[in-house]
*Asks:* 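What follows is a single structure, and I will ask about it in a moment.
Proteins get letters first, then strands, A, B, ... in listed order; numbering begins at 1 in each. Because the structure is predicted, anything quoted here is derived from the model rather than measured.
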Number of protein chains: 2
Amino acid sequence: METNLPKFESVFTIDCVIFAFDAGKLKILLIERNEEPFKDWLALPGNFVNTDEGIDQAAERILYELTGLKGIYMEQLHIFGDVGRHPQGRVITVAYYAMIRLSGQKEPKPVSSFAKKAFWHATDMLPKLAFDHTKIFEKSLQKIKNKIFYSPIAFELLPEKFSLTQLQQLYEVILNKKLDKRNFRKKMLNYGILKELDEKQQGVSYRAAKLYKFDRRKYNKLFQKELSFGG
Amino acid sequence: METNLPKFESVFTIDCVIFAFDAGKLKILLIERNEEPFKDWLALPGNFVNTDEGIDQAAERILYELTGLKGIYMEQLHIFGDVGRHPQGRVITVAYYAMIRLSGQKEPKPVSSFAKKAFWHATDMLPKLAFDHTKIFEKSLQKIKNKIFYSPIAFELLPEKFSLTQLQQLYEVILNKKLDKRNFRKKMLNYGILKELDEKQQGVSYRAAKLYKFDRRKYNKLFQKELSFGG
DNA sequence: ATTACTTAGTGTAATCAACACACCTTATAT
DNA sequence: ATATAAGGTGTGTTGATTACACTAAGTAAT
């Protein structure tokens, strides 16, 4: 650090909220801490930012060290900077969030000894988390609830090939609300952002559903038009 | 700062993007810097966060010191933490934004000597700003463009009593697009979030328009219902 | 092969919001 | 009184959202 900057320095961390959809449940990635404070508590994967790295790179590095997950595109959620949020002093944290598909993902496993383990945990029964991580989680859940309406984030959570029923279940879990099957299908198919495949689900008892893929090209075309007032 | 925190410290600042609507133009609040680096440049009001204050309080304090504006509710926009964004070392900044009504507001005037002056500047002809402040401004403009569709931010920018034409002009300026008068009025009035007053505009040549107020209670009721899929 | 079971898949009518589009009204200034 | 400039208003069309219930297809067990 060079010399003529004032001495108002703060310790600076990153916490990651990584969502996935598994067995009909929305889950997030947690670690069990191996360091004080909050040793042995469950927490969001998070750690300190180095002074020589940008915060986006720091987020990637930290997630990798604590969970073994690599190359996940995260976005900023919010900054939490209350004076009392860390028991040992002033620590400002940037929360990042991401939504990923589990299929093809390895089991999470910490690379650094900072975390004892890393694992997926259903969001509907979260235990108390370290620091203010419960608050951070709640804010990110609210964020994806809003975002699902105007952004194709739902598809990030599903396998590449999915059935309409799976897609509907995901919406229902995120919105915490039952949806009508016919209306849901009609609306989704009318958007024209799904590509119907010549494949069916494998290995299910009972009738197999048709599979679809998300068509990103069509999606981008569609959402370049803005909302309007009949201008 | 206490002792057993690691030494990954960063200098930490806040920058404010304050929008207002004046003379048919969208404007933001700028300062002329009185300190190196970027002495004499135009910049967003911004400064260092103290280690003993929360970031939201810091934002309020900094805005006051540099512009004399007090009690303005700002929200976080984004964090900018590239390694090279400050010429003297690693500085992470949190951008805050707010939209305010000019009527009843005093002329901005710095309280601290950090800024030579503070003033409103139209957003459609911004000069080059210090640091990465142009990028920060652009991100906040994008934010309010999106937000105007689902949040009553437009009303924050108008005087308490306003005409429908004023409201439409504001939408047109923010969205950068002409709107149809009849459709705009129909839609706005149908929302039922405007209260019609028994007053008319004063001091205009030509026919005076009816004045309206924003009805926050009705707005809140309306926007508790969520978007849906016919569930 | 028949049956039981479970999920996949489908259509219509009613209501409501979005859009395109052009003229008359009212207040003021001269 | 007349010119000017902004205020204010209505309708038909189109497309989206909603509510709602049955048949079709595949698998498993007998």
*Asks:* Taking atom C1' of C:dA18 as reference, at what distance in whole Å does atom OH of B:Y191 sit?
*Replies:*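 From B:Y191 OH to C:dA18 C1': 10 Å.
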
*Asks:* Does a side-chain N or O from A:K187 land closer than 4.0 Å to OP1 or OP2 of D:dT17, or not?
*Replies:* yes

*Asks:* So does B:T13 get a backbone contact from the side chain of B:T93, meaning a donor-acceptor N/O pair under 3.5 Å?
*Replies:* yes

*Asks:* Mind checking whether B:F155 and B:F162 have parallel, tilted or perpendicular rings, split at 30° and 60°?
*Replies:* tilted

*Asks:* Is there a donor-acceptor contact under 3.5 Å from the side chain of A:E32 to the main chain of A:W41?
*Replies:*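 Checking the backbone N and O of A:W41 against the side chain of A:E32, no donor-acceptor pair under 3.5 Å is found.
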
*Asks:* Starting at the 5' end of nucleotides 5-15 of chain C, put B wherever the base has a protein heavy atom under 4.0 Å, S where only the sugar-phosphate does, and a dash everywhere else.
*Replies:* BBBBBBBB---

*Asks:* Go through B:K210 and B:D198 one step at a time and tell me if the salt bridge (charged side-chain N to carboxylate O under 4.0 Å, His left out) criterion holds.
*Replies:* CA-CA 8 Å; B:K210 254 187 253 169; B:D198 276 338; over 6 Å; no

*Asks:* Under 6.0 Å from the NZ atom of A:K109, do we count more than 12 heavy atoms belonging to anything else shown?
*Replies:*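 Not buried by this count: 12 neighbours or fewer within 6.0 Å.
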
*Asks:* Could you state the atom-to-atom distance from CG of B:L179 to C1' of C:dA20 in whole Å?
*Replies:* 14 Å

*Asks:* Once you round it to whole Å, what is the distance between P of C:dA20 and CZ of B:F184?
*Replies:*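 Rounding to the nearest Å, CZ of B:F184 and P of C:dA20 are 16 Å apart.
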
*Asks:* Under a 4.0 Å N-O cut-off, is there an ion pair linking A:R101 with A:E160?
*Replies:*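 Judged by the 4.0 Å cut-off on N to carboxylate O distance, A:R101 and A:E160 do not form a salt bridge.
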
